[in-house]
Amino acid sequence: MCGRATIITPAADLEKRFNAAFIEGAVLNENVNISAGNKIPVITSEQPNHIQMFTLGYTPKWAHKQTYMINARSEGDLNPENNPQYKGAMGIFNKPMFKHAVKSQRCLVLVDAFIEGPKQEKLNKPYLVYPNRDRGPFALAGIYDTWQHPLTGELHHTVAILTSAANRITQRIEHHRAPVILSREDEEKWLNPDMPVAELSRMMEPFDSKGFNAYPISSKIKSPDANGLELLKPTGDKLFKDYDRCLYERLKYAEEDDYVIREERLVEGDQFVLF
């Protein structure tokens, strides 16, 4: 599964990266600990040129109550052993809960990282999985639907993240699943309503771990109310040795650099006024 997600990239940078504009009224708030019920940015097959804010926690339109399904298994019930080498059919196309959405209501879920823990300890032993500095924000494969509250009539736009069997990174974390991460080449294809099932199924395989790494973080992240950059601070070594700054360090240095720039501009502005 995908336990939690992180989004800290500013709206303007997300728009540039995904060549889409935030829909009018959509508000992006930095959130390092997105959990069920929180808003997360998405690009839907229905509006591929816009970024919208949907609720993480899928509810099909026919449901009697809100269900908050954050994940949907690509293989459905066809890979009960969670075999990373599974090459069979993707059972999600026959699951009553998801079969309509996966055929016609697919979306990109935009994140900077995701958080996962071992199968047994879960978020008592969390890891932050993130891309190297050259990749930046990326897209998880998602499905969406709009559910109307039977009493209030309020519309809820909801989304679930597809999962596959574990890949090299989540296996090292000792978790049996992984979110489906789309390559840049597959992002547009995932939104194409005419994409054949065979091609969609190919995209649902465990993601290529090249360019990604992970490190342990504080178990405070397991509280849905916990937030702030300090939650992403490493509590141990990276899973794989590299010479890149970890995500926390990149963000921390970026904050400090931005502060220095603002201070310099302020001083220059004061000098200009004084003269």
Side-chain angles (χ1 to χ4, degrees), residues 1-11 13-14 17 22 26-42 51-59 66-72 107-131 133 135-142 144 156-163 169-170 173-175 177-181 207 212-236 238-239 245-255:
M1 64 176 292
C2 179
R4 303 287 170 83
T6 294
I7 184 70
I8 39 77
T9 296
D13 292 338
L14 274 185
R17 159 64 176 86
F22 272 88
V27 178
L28 176 68
N29 294 315
E30 178 181 297
N31 190 346
V32 306
N33 191 19
I34 300 173
S35 57
N38 292 160
K39 297 293 186 179
I40 195 166
V42 304
I51 303 175
Q52 304 179 65
M53 299 299 295
F54 281 13
T55 299
L56 179 60
Y58 176 85
T59 304
Q66 206 159 4
T67 54
Y68 293 109
M69 299 283 291
I70 64 172
N71 293 144
C107 63
L108 308 180
V109 182
L110 316 184
V111 300
D112 287 295
F114 68 90
I115 299 158
E116 196 57 271
K119 183 178 181 180
Q120 299 301 324
E121 293 96 333
K122 299 181 180 179
L123 292 183
N124 289 309
K125 190 179 177 182
Y127 285 78
L128 183 77
V129 183
Y130 65 100
R133 63 184 175 186
R135 178 156 181 162
F138 55 95
L140 305 177
Y144 67 96
H156 295 263
H157 303 290
T158 67
V159 61
I161 297 166
L162 270 67
T163 66
I169 287 182
T170 57
I173 294 172
E174 298 182 358
H175 195 80
R177 303 292 296 172
V180 173
I181 295 179
F207 73 90
F212 282 81
N213 210 334
Y215 59 80
I217 58 176
S218 170
S219 61
K220 292 179 181 178
I221 200 82
K222 68 182 180 181
S223 170
D225 297 325
N227 223 301
L229 181 58
E230 290 303 306
L231 289 175
L232 305 186
K233 187 175 183 178
T235 60
K238 299 175 183 178
L239 290 185
R245 285 178 177 171
C246 72
L247 184 62
Y248 172 79
E249 291 171 341
R250 297 207 305 262
L251 296 174
K252 194 71 173 176
Y253 279 111
E255 276 190 352

Asks: Rounded to the nearest 0.5 Å, what separates atom NZ in Lys119 from atom CZ in Arg177?
Replies: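 Output value for this atom pair is 10.5 Å.
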
Asks: Has the side chain of Thr6 got a donor or acceptor atom that lies under 3.5 Å from a matching backbone atom of Val111?
Replies: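 Checking the backbone N and O of Val111 against the side chain of Thr6, no donor-acceptor pair under 3.5 Å is found.
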
Asks: Any donor and acceptor pair, going by atom type alone, linking the side chain of Glu249 with main-chain N or O of Cys246 inside 3.5 Å?
Replies: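 Yes.
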
Asks: Of all residues at least two apart in sequence or in a different chain, which pass the salt bridge (Lys or Arg N to Asp or Glu O under 4.0 Å) check with Glu230?
Replies: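 By the salt bridge (Lys or Arg N to Asp or Glu O under 4.0 Å) rule, Glu230 matches Lys252.
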
Asks: To check you understand the geometry: which heavy-atom pair defines the closest contact between Tyr130 and Leu247, and what is its length?
Replies: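 Closest approach of Tyr130 to Leu247, heavy atoms only: CE1-N, 3.8 Å.
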
Asks: Begin from the C-alpha positions of Thr158 and Tyr144 and carry the test side chain to side chain contact (heavy atoms under 4.5 Å, CB included) through to its verdict.
Replies: CA-CA 6 Å; Thr158 67; Tyr144 67 96; 6.0 Å; no

Asks: Rounded to the nearest 0.5 Å, what separation is found between the CG atom of Leu140 and the CD1 atom of Ile161?
Replies: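 One finds 5.0 Å between CG of Leu140 and CD1 of Ile161.
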
Asks: According to side-chain contact (heavy atoms from CB on, under 4.5 Å), who are the partners of Ala36, at least two apart in sequence or on a separate chain?
Replies: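 Once residues adjacent in sequence are excluded, the partners of Ala36 under the side-chain contact (heavy atoms from CB on, under 4.5 Å) criterion are Ile70.
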
Asks: List, one per line, each side-chain donor-acceptor pair under 3.5 Å for residues 215-228, sequence neighbours excluded.
Replies:
unit_1: Tyr215; atom_1: OH; unit_2: Leu232; atom_2: O; d: 2.7
unit_1: Tyr215; atom_1: OH; unit_2: Tyr248; atom_2: N; d: 3.3
unit_1: Ser218; atom_1: OG; unit_2: Lys220; atom_2: N; d: 3.1
unit_1: Lys222; atom_1: NZ; unit_2: Asn124; atom_2: OD1; d: 2.5
unit_1: Ser223; atom_1: OG; unit_2: Asp225; atom_2: N; d: 3.4
unit_1: Asn227; atom_1: OD1; unit_2: Val32; atom_2: N; d: 3.1
unit_1: Asn227; atom_1: ND2; unit_2: Asn31; atom_2: OD1; d: 2.6

Asks: Give the minimum heavy-atom separation between Leu14 and Pro41, together with the two atoms involved.
Replies: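 So the two residues come closest at CD1-CG, 4.3 Å.
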
Asks: Test Thr55 against Lys39 for side chain to side chain contact (heavy atoms under 4.5 Å, CB included), laying out the working first.
Replies: CA-CA 5 Å; Thr55 299; Lys39 297 293 186 179; 3.1 Å; yes

Asks: Are any of the side-chain heavy atoms of Asn213 and Leu239 separated by less than 4.5 Å?
Replies: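 Of all side-chain heavy-atom pairs linking Leu239 with Asn213, at least one is under 4.5 Å.
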
Asks: Mind checking ring pair (Phe, Tyr, Trp, His ring centres under 6.0 Å) for Phe207 and listing every partner two or more places apart, or none if nothing turns up?
Replies: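 Partners of Phe207 by the ring pair (Phe, Tyr, Trp, His ring centres under 6.0 Å) criterion, ordered by chain and then number, come out as Phe212.
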
Asks: When the ring planes of His157 and Phe54 are compared, do they come out parallel, tilted or perpendicular, using 30° and 60° as the limits?
Replies: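 Rings of His157 and Phe54: parallel, as their planes differ by under 30°.
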
Asks: What distance do Leu128 atom CG and Glu116 atom CD have between them, rounded to the nearest 0.5 Å?
Replies: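 Answer for the CG-CD pair, Leu128 versus Glu116, is 11.5 Å.
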
Asks: Determine the minimum heavy-atom distance between Gly37 and Tyr68, stating which atoms define it.
Replies: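 Closest approach of Gly37 to Tyr68, heavy atoms only: CA-CE2, 3.8 Å.
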
Asks: How would you list, by chain and number, every residue that makes a salt bridge (Lys or Arg N to Asp or Glu O under 4.0 Å) with Lys238, sequence neighbours excluded?
Replies: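 Applying salt bridge (Lys or Arg N to Asp or Glu O under 4.0 Å) to Lys238 gives Asp242.
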
Asks: Does Arg245 offer a backbone N or O that forms a donor-acceptor pair with the side chain of Arg250 under 3.5 Å?
Replies: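 Side chain of Arg250 to backbone of Arg245, a donor-acceptor pair under 3.5 Å: yes, one is there.
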
Asks: So which heavy atom on Ile40 is nearest to which on Ala5, and how close?
Replies: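 Minimum heavy-atom contact is CD1-CB, 4.2 Å.
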
Asks: Among all residues two or more places apart in sequence or in another chain, which pass the side-chain contact (heavy atoms from CB on, under 4.5 Å) test with Asp112?
Replies: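 Partners of Asp112 by the side-chain contact (heavy atoms from CB on, under 4.5 Å) criterion, ordered by chain and then number, come out as Ile7, Ile8, Thr9, Pro137.
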
Asks: Please report the closest heavy-atom contact between Arg4 and Asn33, naming both atoms and the distance.
Replies: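 Heavy atoms of Arg4 and Asn33 come nearest at NH1-OD1, 3.0 Å.
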
Asks: Within the 4.5 Å heavy-atom criterion, are Met53 and Val27 side-chain neighbours or not?
Replies: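 No - every pair of side-chain heavy atoms lies 4.5 Å or more apart.
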
Asks: Check Ile115 against Leu123 and note the closest heavy-atom contact, atom names and distance.
Replies: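 Smallest interatomic distance, heavy atoms only, reads CG2-CD2, 3.9 Å.
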
